[in-house]
Amino acid sequence: MKYFQYLLWFAHEHVPFRLIEIESIASALKIPIKWLEPPSDKPWYLVELPSEEAVQKLSSRSVTMRRAIQLWADELTVPKLHATLKEKCLNGILEPYKSKSFKVDVDLFCNSQTQEEKLERIESFSYMPFQGHVNLKNPDVIFQFIEYYGLDPNTAPEYPTRAFFGRVVAESGRTLIHELSLKKRTFIGNTSMDPQLSLLMANLGKVSNGDLVLDPFVGSGSLLVAAAKFGGYVIGTDIDYLMLHGRTRPTRKQTRHIARKDESIEANMIQYSCVDKYIDVIVADSALPFWHNDVEFDCILADPPYGIREPTERIGSKESLPIVKKEGSPVHFPSKVEYGLNEIIKDLMRFSSKHLKLKGRLLFWVPVFREDYEETHMPRHSCFKLIGNCEQVLTTFTARRLLVFEKIKIPQDSDECSCTIPSSSTFREKYFTHGNENRLTRKQKKAIAAKNKEIWFAKLNDANVK
Amino acid sequence: MKLLTHNLLSSKCLKGVKVGYPLRIVAKDVKISESEYNMEFVLKMIPKLDWKVLVNAAEQIGHGNNLPIELIEDYEDDEELLKKIHHVLMEVEVINGELICPETQRIFPISAGIPNLLLNEDEVS
């Protein structure tokens, strides 16, 4: 059997998540990867994989990848690429695909092309002994040509610095992103996680067929949908009774005036035909221990509330001797007290140290103020090893980070847990005021710069006159 | 609420309750739904379950499905049994009813299939 190299071709987004996604999927599916080039920020990975089937399995789950290509030519210039390809055609590389219908896709990274230029590029491969018909809609084989012009569009060179040609072996799981689009989802909340990031979390959590997956801050269940799509059996809990019963204020602006009807996490599961994987959602306060001692989850995913669009709360009362008032409704809504983000996270880690399987993964997001960020502030627990810390920039000042932990030992009483995110108590306050402050300082800075420029010009003129 | 979930829940969050397991079920409406059988899932789940609690819960709500009182040792090869277990775990669902703490008799209502384990302010330890 001939051994082939594969090029994993990526979409240019969520770059920090790429490597950990590919490694996690490979590890979950037990596919060994041999790196032919150390992984970099460039939009591709060059790898050797055991079989075409392995490539297909790997790419069908990835949401950062576009497609996987069996590499036929990889050169620093386009003429060299054609030379290599011509030689390979003479050696019969095209034989198995010669009479099949085909199309050639062209991708330019950090450059653009007109339709005519694209056709010209496709025509430049006319020396290849194709006998089959061109079929743009549903071809038997797709070939991919890629020209790479560097990572910075401002300094892009005239000619590409690298060129690839190969046969497309597999498309990625990105079609799932559209399939799970929030726009068409039955039930969404104000903080529903977008499908790509949810799927990414399920991949990073190594969710596999038959796994028991928990989201302790489930909300409208976005993470559960993604986990179920990859074979996880899902359970969610949330303190918000109205949310789980689909009776909160409608989220969609256009239909704000119409009350939610038949909306629930289960309805979403039915919509995406993964209701077989839906176990239950439970109204409960994740700060309290309500799981049986022996319960063990395979993966715990969470997007805890930050206090911006969802309150950080737990059951409690400010009174020392709380009195439960009788209410008209049959459901009692207990009063809640503020539950700081650091406390939420520490409780989540302590809980997971008990209820996650060994080597299982715990993933959650934390909000950070970018200029205050320090790795030492991030949560840590002696039962967990941090294996991923990926930033998603939200605004100039704020970001959230996805932390990926793996449980490395059985919990003991002596376990230590810390989390000192400085913004957690004031994140909300800063979130709403920091931008304004900065706009002001920016204005001042601009004014000073303009003044300096004037002085400099004046000096220059002075010198010229002399 | 599915019987699988019942197998995992306790009421030990209540002040003064030590074990709080198993919760007693009072089922007002039970729904039998269809869920695709997945052997890998059932095999992964069985070691996580309290077998006796599952059998009792199924009988309590009248869907015992002839599960053996003791789990046989070589259950991995008994597909018929695995399918029965799958049915009890995933296809029997309490839509309306109650979960009751075995120590304090505190009632946790189940409505629209969703159990409500929220405590009152004065029950939090």
Can you tell me which of [options] forms the most heavy-atom pairs within a distance under 4.5 Å of chain B?
{"options": "A:Asp298, A:Val275, A:Asp285", "value": "A:Asp298"}
{"options": "A:Asn209, A:Ile239, A:Val295", "value": "A:Asn209"}
{"options": "A:Gly231, A:Pro289, A:Ala284", "value": "A:Pro289"}

Q) Between B:Lys48 and A:Phe297, is there a donor-acceptor pair closer than 3.5 Å when you use the side chain of the first and the backbone of the second? A) no

**Q.** Heavy-atom donor-acceptor pair, A:Asp276 side chain to B:Glu36 backbone, under 3.5 Å
**A.** yes

Heavy-atom distance under 4.5 Å to chain A: side chain of [X], backbone, both or neither?
{"X": "B:Lys44", "answer": "side chain"}
{"X": "B:Glu91", "answer": "neither"}
{"X": "B:Met1", "answer": "both"}
{"X": "B:Met39", "answer": "neither"}

Sort [X] into side chain, backbone, both or neither according to what part of it lies under 4.5 angstrom from a heavy atom of chain B.
{"X": "A:Leu244", "result": "both"}
{"X": "A:Leu212", "result": "side chain"}
{"X": "A:Phe290", "result": "both"}

Do you know which of [options] has the most heavy-atom pairs with chain A at a distance under 4.5 angstrom?
{"options": "B:Ser35, B:Pro47, B:Gly113", "value": "B:Ser35"}
{"options": "B:Ala112, B:Ser111, B:Pro109, B:Gly20", "value": "B:Ser111"}
{"options": "B:Met90, B:Lys2, B:Glu34", "value": "B:Lys2"}
{"options": "B:Val17, B:Leu117, B:Leu118", "value": "B:Leu118"}

Within 6.0 angstrom of [X] [atom1], more than 12 heavy atoms from elsewhere:
{"X": "B:Lys52", "atom1": "NZ", "result": "no"}
{"X": "B:Ile69", "atom1": "CD1", "result": "no"}
{"X": "A:Arg260", "atom1": "CZ", "result": "yes"}
{"X": "A:Glu179", "atom1": "CD", "result": "yes"}

Q. Rounded to the nearest 0.5 Å, how far does CG of A:Leu288 lie from NZ of B:Lys15?
A. 12.0 Å

Q.
How close do A:Ile235 and B:Leu8 get, counting heavy atoms only, and between which atoms?
A. CD1-CD1, 3.8 Å

Does the side chain of [X] reach to within under 4.5 Å of the side chain of [Y], using non-hydrogen atoms?
{"X": "A:Val283", "Y": "B:Ile114", "answer": "yes"}
{"X": "B:Asn38", "Y": "A:Tyr233", "answer": "yes"}
{"X": "A:Asn293", "Y": "B:Lys12", "answer": "yes"}

